[in-house]
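Keep in mind that this is a model prediction, so the values were computed, not measured. Proteins get letters first, then strands, A, B, ... in listed order; numbering begins at 1 in each. Atoms considered below: every heavy atom in the structure, side chains included; atoms not considered: hydrogens, waters and symmetry mates.
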There are 2 protein chains.
Amino acid sequence: MVTSFFTCTKTISSLAIAAVLTGGVAAPSLAAAPAAKQEIHEGTKKNKNGNAAVEAIAEQALSTVQVVATGYTAGYESTGKRPGHPQYGITYSGVKVRRGQVSTVAADTKLFPIGTLLYIPGYGYGVVADTGSAIKGHRLDLYFETIKDVYKQWGKRTVDVQVLRKGNGKLSQSWLNQINRAVEAGKPIPQTYLES
Amino acid sequence: MVTSFFTCTKTISSLAIAAVLTGGVAAPSLAAAPAAKQEIHEGTKKNKNGNAAVEAIAEQALSTVQVVATGYTAGYESTGKRPGHPQYGITYSGVKVRRGQVSTVAADTKLFPIGTLLYIPGYGYGVVADTGSAIKGHRLDLYFETIKDVYKQWGKRTVDVQVLRKGNGKLSQSWLNQINRAVEAGKPIPQTYLES
């Protein structure tokens, strides 16, 4: 199927959304079919950065709100409940946790009442279904199926690290203890530890 | 103690490093003593963004390398070992995992041999002590004591979310199932679901 750029802008906008949804590392479940991908390519030639897609979602939006978002799971580390607990995997709203086209997320219901539908860049669509003791104000907790998913799909940062000393392949407990004692709070690494 | 800005640049640089180390949300253990904080304030008046501090660390550095960093713990989700396992909490190098002034981190030893000392923005000093099956090339795994620490200290993003529908305080399993079926891969939210 070939979609004309001139006569089918609406379709192109919709498909451009797919580019955003499938482009993020955090939304593997939102993969578009190959045919749709081709159309996205056709339709977004002039929008390499997906600006058209972002605009298309913004067109649907009532407002944009900046929040700090973390990930969570149904597991003990996040909910204090283990599999077998009668409320395991059940959100505050009563629905089961879900990672899908529209996932369940936790919010402060004073800001986002239960049932609020959000688009979260890098995650996808989320519906407010849950709450959390630390989720107050401009905070969101995004549901993931496993702890590893949180680490890999949300807890990832690109950083420029400084290499202060190249290792020689060995590390001893006494050296590690020493350097930890030597580097006092607010002090740089003593020069003697930087010599390989 | 008063430190002159003109006669004690070295001291100021060192203390400016403290500003970076204690400024990051991810390094609560690196808090400087109140007296040192005062000096940082004196010394960095003209460097509100901590540029001097970053430069001071860079002065110590052999090189700067861009990496993608995730967090991990000694626990089952990251290592497959539970407390009680003879190798629980022991890194590839043989030293115990540590979150301190200098923490243990995992890297690809072809790029960063064991014993390599790094400064990781938002985390602090890290020494390469561990490896991981997914930690190949320009990847780092940063040790944290708990899963919650990974979530809160590393897995946090500031995002602009789009509010597509304001919830009415209720959410039913059937509506969540319906919307998940209705929102096909690569399609926008149908209008009917956006009406509260």
Atom pair NZ/CD of B:K81 and B:Q87 - distance to nearest 0.5 Å: 5.5 Å
Same cluster or not: are B:I135 and B:L111 linked, directly or through other Ile, Leu, Val, Met, Phe, Trp or Tyr residues, by side-chain heavy atoms under 4.5 angstrom apart? no
The interface call for B:T109 against chain A, heavy-atom contacts under 4.5 Å, is neither
In the structure I gave you, are the side-chain heavy atoms of A:Q153 and A:Y151 within less than 4.5 Å of one another anywhere? no
Using a 3.5 Å distance criterion without hydrogens, assess whether the side chain of A:Q60 forms a donor-acceptor pair with backbone atoms of B:I189. yes
So which of B:T91, B:I114, B:I179 has the biggest tally of heavy-atom pairs under 4.5 Å with chain A? B:I114
Quick one: are B:R139 and B:D108 in side-chain contact, heavy atoms under 4.5 Å? no
Which atoms of A:S172 are under 4.5 Å from chain B, going by heavy atoms: the side chain, the backbone, both sets, or neither? backbone
Given that the side chain runs from C-beta out, which part of A:N177 has a heavy atom under 4.5 Å from chain B: side chain, backbone, both or neither? both
Side chain from CB out, backbone as N, CA, C, O: work out which of these in A:F112 comes under 4.5 Å of a heavy atom of chain B, or both, or neither. side chain
At a heavy-atom distance under 4.5 Å, which candidate from A:L140, A:T70, A:V159 has the highest pair count against chain B? A:V159
Among A:V68, A:T104, A:L117, single out the residue with the greatest number of heavy-atom pairs under 4.5 Å to chain B. A:L117
Which portion of A:R181 sits near chain B, non-hydrogen atoms under 4.5 angstrom: neither
Note: vs chain A, highest number of non-hydrogen pairs under 4.5 angstrom among B:L142, B:T146, B:T64 is B:T64
Chain A contact via B:K148 - which portion, at a heavy-atom distance below 4.5 Å: side chain
So, B:F144 versus B:Y123, ring centres under 6.0 angstrom or not? yes
If you tally heavy-atom pairs under 4.5 Å against chain A, which of B:G126, B:S63, B:S93 wins? B:S63
Do B:V105 and B:Y92 sit in the same hydrophobic cluster, where Ile, Leu, Val, Met, Phe, Trp and Tyr count as joined when their side-chain heavy atoms come under 4.5 Å apart? yes
With chain A, which of B:V95, B:L171, B:V163, B:T116 has the greatest number of heavy-atom pairs at distances under 4.5 Å? B:V163
Would a line drawn from the ring center of B:W175 to the ring center of B:Y193 be shorter than 6.0 Å? yes
Per-residue tally against chain B (heavy atom, under 4.5 Å) across A:L176, A:V127, A:V128 peaks at A:L176
Which region of A:V65, side chain (C-beta onward) or backbone (N, CA, C, O), has a non-hydrogen atom less than 4.5 Å from a non-hydrogen atom of chain B, or is it both or neither? both
Any chance the side chains of B:Q178 and B:S174 put a donor and an acceptor closer than 3.5 Å? no
